[in-house]
Amino acid sequence: MLTVKFIQENKVKVIEKLTVKNFKQLELIDQVIELDNKRKTVQSELDNQLAEANNLAKQIGALMKEGKQTEASSAKEKTAKLKESTRELGLHLETIEKELNKILVVIPNLPHESVPVGKGADDNQVVKTGGTMPEMESDAAPHWDLAKKYDLIDFELGVKITGAGFPVYKGKGAKLQRALINFFLDEAEKAGFTEVQPPILVNEDSGFGTGQLPDKEGQMYYVGIDNLYLVPTAEVPVTNIFRDVILNASDFPVKYTAYTPCFRREAGSYGKDVRGLNRLHQFDKVEIVCIDNPENSYKTLEIMVKHVENLVSKLELPYRILRLCGGDMGFTSSLTYDFEVYSAAQKKWLEVSSVSNFESFQANRLKLRFRDADKKTQLAHTLNGSALALPRIVAAILENNQTPGGIKIPKVLVPYTKFEMI
RNA sequence: GGAGAAAUGGCAGAGCGGUCGAAUGCGACGGUCUUGAAAACCGCUGUCCGGGCAACUGGACCGGGGGUUCGAAUCCCUCUUUCUCCGCCA
């Protein structure tokens, strides 16, 4: 979330930037400022009274030692009154702070200067296109048919075991999953990312830290009996490694990578957009997470984008990179690049990665800070990206590489799959 | 799951209910010495919220929450976590 201080000092800019994100409740900004001013007034009154009470307590102690009982008990009476009023002030302060927090938590992050104005997906900017579009026969099969034909993925079986959106990968289909995960992790390691294996259930504090809570409560699977959430992305457990941490500037850049299954309820989706692997409740993803000095975070974002671009190029998939417009960006992001690969049989672009700089928005929630050159603490910047999410990559590989003789595995994956054709 | 013990600053570790934001040691940082380094010696060393240009100053924080008291790191309740023992177990 944004810091109150920043909102106080940059009110005009905040409102202007929130408009780019199509945020409508701009009156909240004035409410924040007003509540914060009220907070300061109440708190300094409370502090003064506490100071007085502390003083009196000290005096009483001294008087008792000297045996001046009557003077001590008259001081005690004063303290009793103070105690009552500090209790009230304390409660008042708490109410104000809660109210303030409730508002802060629903204000989205401000978009970076380069973010285009726009309402939705159509207003995103294509910043780069790469790879070669495959020449396909008009009767090219979509991946769900190919998956059936070659017995790679059994969607119906998943329905039987769990429900829609939980496919069962079989044989070479399962091996392809494993190959991709290992390929992505190895590439990340080569690029200097440290691999971690985090828990895939997280507590409420972690969900709050990266911004999934309270905003997207309904999109995560929730294990009520233990009050835990299944991770929608490795971003959550990995970034939360650094919750309540003060780093040194020399620790930057922090670069982590993790493979986890991801769980998303995605309530309300239907139709051909969700057919096959296009949208699942459980899927596999390798994530990269960076933490950096605010001075370098946009350079780091570019490096992460390059890394993802390298992956799709090596997989020989036609891709394009989009800069998301204000209206299509996530709640927590300042700047997001989406990667899409072209799926030849479906004849459409599929989103396979999203790389974002959150600036200090998550860090403020996480209390993730670092000591700068002056040894002052300040909020770090957090970034993350998918590198990559598997299902749509699999869809594109199957569709784009289909031949009469089977499906060709991209060269870079052969050492991992140990087979060249499906 | 059952029984017991514990939770203090970056770490280790002290702390008769007032003089404790907290001894001491280590570490880190700054300095003296040195060609350089080590050693030695000196100094400094938490976070957050206010006020002040600043020096400085008020408040809060000793796992979380609540209570007793004029006053709580210290006493009481509760939750969480860790350790030891027992049981179960991939």
Side-chain angles (χ1 to χ4, degrees), chain A residues 1-9 32-105 197-209 213 223-229 237 240-252 254 291 360 362-380:
Chain A
M1 57 194 178
L2 302 174
T3 63
V4 177
K5 199 172 169 195
F6 186 84
I7 294 174
Q8 284 271 21
E9 288 167 4
V32 166
I33 291 171
E34 199 183 308
L35 278 169
D36 186 49
N37 292 339
K38 218 197 272 180
R39 193 208 98 235
K40 281 184 197 168
T41 314
V42 174
Q43 188 168 37
S44 55
E45 177 58 26
L46 176 63
D47 284 355
N48 287 338
Q49 292 196 11
L50 286 174
E52 201 182 332
N54 285 344
N55 254 320
L56 282 171
K58 259 180 214 164
Q59 285 173 27
I60 291 167
L63 289 169
M64 305 260 268
K65 227 172 237 173
E66 294 167 28
K68 298 179 178 168
Q69 294 297 341
T70 43
E71 290 172 48
S73 49
S74 83
K76 276 192 195 180
E77 278 172 38
K78 269 200 243 173
T79 321
K81 272 186 204 146
L82 273 175
K83 202 176 176 182
E84 210 174 299
S85 69
T86 51
R87 183 190 291 267
E88 271 170 35
L89 279 170
L91 287 174
H92 190 192
L93 184 65
E94 204 178 309
T95 316
I96 293 170
E97 281 176 345
K98 273 189 186 150
E99 217 175 311
L100 181 59
N101 216 277
K102 225 163 104 189
I103 297 175
L104 283 172
V105 143
Q197 252 189 49
I200 57 176
L201 283 151
V202 294
N203 60 28
E204 216 174 319
D205 285 346
S206 294
F208 178 81
L213 293 175
V223 183
I225 194 167
D226 292 306
N227 196 219
L228 297 171
Y229 297 85
N240 271 282
I241 291 173
F242 296 94
R243 171 152 45 87
D244 284 317
V245 167
I246 301 177
L247 294 163
N248 291 314
S250 57
D251 296 329
F252 293 137
V254 173
I291 299 166
S360 60
Q362 290 182 329
N364 187 33
R365 291 185 169 215
L366 292 160
K367 304 262 171 301
L368 163 50
R369 292 159 291 171
F370 72 100
R371 251 174 256 284
D372 62 20
D374 303 327
K375 297 197 173 168
K376 296 245 182 224
T377 58
Q378 66 171 284
L379 294 171

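Sequence lines set the chain letters: A, B, ... in the order given, protein chains first and strands last, and positions in each chain run from 1.
Contact annotation: the side chain of Ile7(A) never approaches that of Val4(A) to less than 4.5 Å [non-hydrogen atoms, C-beta and beyond]. Contact check for Leu366(A) versus Asp244(A): no side-chain heavy atoms found under the 4.5 Å cut-off.
Taking each heavy atom of Ala380(A) and Ile291(A) in turn, the nearest pair found is CB-CG2, 3.9 Å.
No hydrogens or angles considered: nothing links the side chains of Asp47(A) and Ser44(A) as a donor-acceptor pair under 3.5 Å.
Both distances falling under 3.5 Å, in either a Watson-Crick or a G-U wobble arrangement, occur for no nucleotide opposite G71(B). Searching all strands for a Watson-Crick or G-U wobble partner of C44(B) with both distances below 3.5 Å returns nothing. Shown here, U24(B) forms a base pair with A12(B); the pair counts as Watson-Crick or G-U wobble because both key distances fall under 3.5 Å. Remark: U80(B) base-pairs with A7(B); criterion is Watson-Crick or G-U wobble with both hydrogen-bond distances under 3.5 Å.
One interatomic measurement links the two molecules: CG of Asp226(A) to P of U81(B), which rounds to 10 Å at whole-angstrom precision. Lys5(A) places its NZ atom 8 Å from the P atom of G50(B), with the value rounded to the nearest Å.
We find that Lys98(A) and Glu94(A) are joined by a salt bridge, their nearest charged nitrogen and carboxylate oxygen being less than 4.0 Å apart.
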So if I define the base as every atom that isn't primed, P, OP1 or OP2, how would nucleotides 59-75 of chain B read as a B/S/- string at a heavy-atom cutoff under 4.0 Å?
SS------S-BBS----

N/O donor-acceptor pairs under 3.5 Å from side chains in residues 54-62 of chain A, not counting sequence neighbours:
| residue | atom | partner | partner atom | Å |
| --- | --- | --- | --- | --- |
| Asn54(A) | ND2 | Leu50(A) | O | 3.4 |

